[in-house]
Protein chains: 2
Amino acid sequence: MALEHAILVSLLEQPGSGYELARRFDRSIGRFWTATHQQIYKVLRRMETDGWISVEEVAQDGRPDKKVYSAAAPGRTALAAWLREPVEAETVRHELAVRIRAAAFDDPAALIPEVERHREGHAALLAHYLYGEGRDFPAPDTLDARQRLQHVVLRGGIEYERMTLAWLDDVLATLRELAAAPPAGTEADAD
Amino acid sequence: MALEHAILVSLLEQPGSGYELARRFDRSIGRFWTATHQQIYKVLRRMETDGWISVEEVAQDGRPDKKVYSAAAPGRTALAAWLREPVEAETVRHELAVRIRAAAFDDPAALIPEVERHREGHAALLAHYLYGEGRDFPAPDTLDARQRLQHVVLRGGIEYERMTLAWLDDVLATLRELAAAPPAGTEADAD
DNA sequence: TCCTGCTATGCAACGAGTTGCATACGCAAT
DNA sequence: ATTGCGTATGCAACTCGTTGCATAGCAGGA
C-alpha cells in the first residue's frame, strides 16, 4: 500500500521512467522498500490514472523510447496526507531468526555456512553504505533539508548493519559452541 | 513461503491449535514472522494434506472443540532440508525510512508526533524483551541447545530495539532542527 | 435481558507481489 | 551470422496475504 509513496518520493527526488525506477529500487530506495519492475509498472499506471504523476514520452536514439514520469500536484497532496497518517504496523519477515530457532530441531552446525554467507553480505553492504556516506555527505554541516533527511536514513542503515554484524557474530559463536559440545539429550527426550 | 517453517518450529517447540498458534504469532514467534489467523488456518490445512503435521481433535468443556496439530516426521525432514537451503533475499518494508525521505517534500515537523509514537512502541518492546530475558534465561550458562538458540534470537531483538531507539533519537533531533531552522528554500526552488 | 468479549474455525473476495514469458531495438563479442 | 547483453515496456497466471464476514457456545457485566 505504500509502494505508491516510495515511488512518489523517488520521482520527487528525480523524475524518471519505470525502468530507471526499477534500478533505483535495486539500489538506494530499494534498501528500505523493495519492488520488482512488474510491480512498479503496474503502480505507475494506476498513479497516472489517479493523476498523482504525469508522463512524457521521450524518444531516444539507439535505445527504445521511454516514458518519463514526474510527480504532479495531487501526488504531493496525497504524500502530505500520508505523512500525517499513523504508521502501519510493519509486517516482520525475519527468516534467519526462524531458522536459528529451527536449528534446535536439527543439526545447529548445518546452519553455520549460511549464517557466514549472510554475514559477508551485511559486511559488504556496510562498506557500501560507508563509502556512499563519505561520497555524498562529506560536509554534514552544510546540507539542505533533503540531504539531511537522506543522511539520517542512511545513518539508520549503517547502524542497522553494524548491529546485525555484531549479532551474527554472537549467533555464530553460539552455533559453534553447540556444534562442539556433546549433543547431550537431542530433541528425542526434550519433550 | 516460509510461514510453513515458522509454524513447524512453533509446533515442534509446543503442539497446539490454529487459534493457539495465532496467539503465539501475536507474541513470541510473531516478533520475527507475522501472520494472521486466516493465513495460519490455510497453511495448516495445506501442511496436513502434505503430511507435515498430524491433527488430533480435542473436545473441551465450556469451550469449542479444537484441533491440536503436532509436527510429523516428514515435516521435520522438510525443515532440515530448508535449513540447508540458501537464505532468500529478505523483502524489506521499512515504511518509516520512506516517510523520512518524504518529509523533505512537506513539513518535516509534521512527522515528529508519528516518530515519537513509534519510539514509544520500541521502548515498550525493549522493556518487554528485557523482562522476558530475565524471566526465561536467568542463568545463561545452564541452558540446553534449544534455550540457547531462543536466547540468541532474543538478544538479536534486544539489540535491534536498542539500535532503533538510538536511531529514532537521531531522527527526532534532525527533524526538530529542521523544524526550528528557517525553511530557507522550500521545495519550490529545490528543483 | 442484552450486550460485549473470549474461544475456535472457516468462507469469499480482494489486493499485493512474484514468476515466466514476450516483444523490440541496438551493440558488442564469437 | 548468431548469440548474448542492456534498454525499455508489458501481459497472463499464479501465490501470498489481508479484510470482512459468519457461526457457535459460554461467561460476565450493565
Side-chain angles (χ1 to χ4, degrees), chain A residues 1-8 10-11 15-27 29-30 32-50 53 55-69 82 88-95 98, chain B residues 1-8 10-11 15-27 29-30 32-50 53 55-69 82 88-95 98:
Chain A
M1 207 44 152
L3 179 55
E4 283 94 329
H5 303 109
I7 288 177
L8 218 40
S10 195
L11 289 179
S17 67
Y19 190 82
E20 285 161 352
L21 281 168
R23 279 188 307 181
R24 286 185 217 170
F25 273 80
D26 277 342
R27 293 182 286 109
I29 281 274
F32 316 110
W33 202 276
T34 53
T36 62
H37 82 272
Q38 284 302 335
Q39 193 63 19
I40 290 168
Y41 281 123
K42 267 187 213 173
V43 172
L44 279 174
R45 256 171 280 152
R46 184 169 68 223
M47 290 169 79
E48 209 233 310
T49 306
D50 295 348
I53 54 177
V55 205
E56 195 195 353
E57 293 244 8
V58 175
Q60 303 183 108
D61 57 318
R63 291 181 182 186
D65 297 357
K66 63 178 176 179
K67 298 181 184 174
V68 173
Y69 293 92
W82 176 66
E88 299 160 39
E90 315 171 36
T91 14
V92 184
R93 292 287 127 103
H94 200 320
E95 191 183 316
V98 177
Chain B
M1 206 44 150
L3 179 55
E4 283 95 328
H5 303 109
I7 288 176
L8 219 40
S10 194
L11 289 179
S17 68
Y19 189 83
E20 284 161 353
L21 281 168
R23 280 189 306 181
R24 285 185 216 171
F25 272 79
D26 279 341
R27 294 182 286 106
I29 281 272
F32 315 110
W33 203 276
T34 52
T36 61
H37 81 274
Q38 284 301 338
Q39 194 63 18
I40 290 169
Y41 281 124
K42 269 187 211 174
V43 172
L44 279 174
R45 255 171 280 152
R46 184 168 67 222
M47 291 170 77
E48 210 233 313
T49 306
D50 295 347
I53 53 178
V55 205
E56 195 194 354
E57 293 243 9
V58 174
Q60 304 182 106
D61 57 319
R63 291 182 182 185
D65 297 357
K66 64 177 175 179
K67 298 181 184 173
V68 174
Y69 293 92
W82 176 67
E88 300 160 39
E90 313 172 36
T91 11
V92 184
R93 292 286 128 103
H94 199 321
E95 191 182 314
V98 178

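Residue numbers begin at 1 in each chain, while the letters A, B, ... track the order of the sequences.
- At least one side-chain nitrogen or oxygen of A:R46 sits closer than 4.0 Å to the OP1 or OP2 atom of C:dA16.
- Listed by chain and number, the residues in a ring-ring contact (aromatic ring centres under 6.0 Å, His included) with B:Y41 are B:H37 (sequence neighbours excluded).
- The A:L3 side chain lies nearest to C:dG17 when the options are C:dG17, D:dG17, C:dA8.
- Contact annotation: side chain of A:K42 to base of C:dT18, donor-acceptor pair present below 3.5 Å.
- Between B:T91 and B:V68, the residue anchored closer to the 5' end of DNA chain C is B:V68, taking for each the nucleotide with the nearest heavy atom.
- Following rounding to the nearest Å, B:D65 (CG) and C:dT9 (P) show an atom-to-atom distance of 9 Å.
- Distance B:E90 CD to C:dT18 C1': 17 Å, rounded to the nearest Å.
- With rounding to the nearest 0.5 angstrom, the CZ atom of B:R46 is 4.5 Å from the CD atom of B:E4.
- Atom CG of A:D61 is separated from atom C1' of D:dT7 by 13 Å (rounded to the nearest Å).
- Atom-to-atom, CD of A:E95 to C1' of D:dC16 comes out at 15 Å; the value is rounded to the nearest Å.
- Residue B:T36 has a polar side-chain atom (N or O) positioned under 4.0 Å from OP1 or OP2 of D:dT18.
- With D:dT9, C:dT18, C:dC11 as the candidates, the nucleotide lying closest to the side chain of A:S17 is D:dT9.
- Rounded to a whole Å, the CG atom of A:L44 is 13 Å from the P atom of D:dC11.
- Side chain of A:T49 to backbone of A:R45: a donor-acceptor contact under 3.5 angstrom is found.
- Taking CG from B:L11 and CG from B:L21, the interatomic distance works out to 5.0 Å, rounded to the nearest 0.5 Å.
- When distances are taken from the side chain of A:Q60 to each of D:dT9, D:dA8, C:dT7, the shortest belongs to D:dA8.
- To the nearest angstrom, C1' of C:dA16 lies 10 Å from CD of A:E4.
- For B:K67, taking side-chain heavy atoms from C-beta onward, the closest of the listed nucleotides D:dA24, C:dT9, C:dA16 is C:dT9.
- When each of B:V43 and B:Q38 is assigned the nucleotide of DNA chain D with its nearest heavy atom, B:V43 is the one assigned upstream, toward the 5' end.
- Summarising the geometry, the separation between NE2 on B:H37 and P on D:dA22 is reported as 14 Å, rounded to the nearest angstrom.
- One finds no side-chain N or O of B:R63 lying less than 4.0 angstrom from the OP1 or OP2 phosphate oxygen of D:dA27.
- Comparing D:dT7, D:dG10, C:dA8 against the side chain of B:Y41 picks out C:dA8 as the nearest.
- B:K42 is linked by a salt bridge (charged side-chain N to carboxylate O under 4.0 Å, His left out) to nothing, counting only residues two or more places apart in sequence or in another chain.
- If you measure from atom CD1 of B:I7 to atom C1' of D:dC16, you get 13 Å, rounded to the nearest angstrom.
- Taking the nucleotide of DNA chain D with the nearest heavy atom to each of A:R23 and A:Y69, the more 5' of the two is matched to A:R23.
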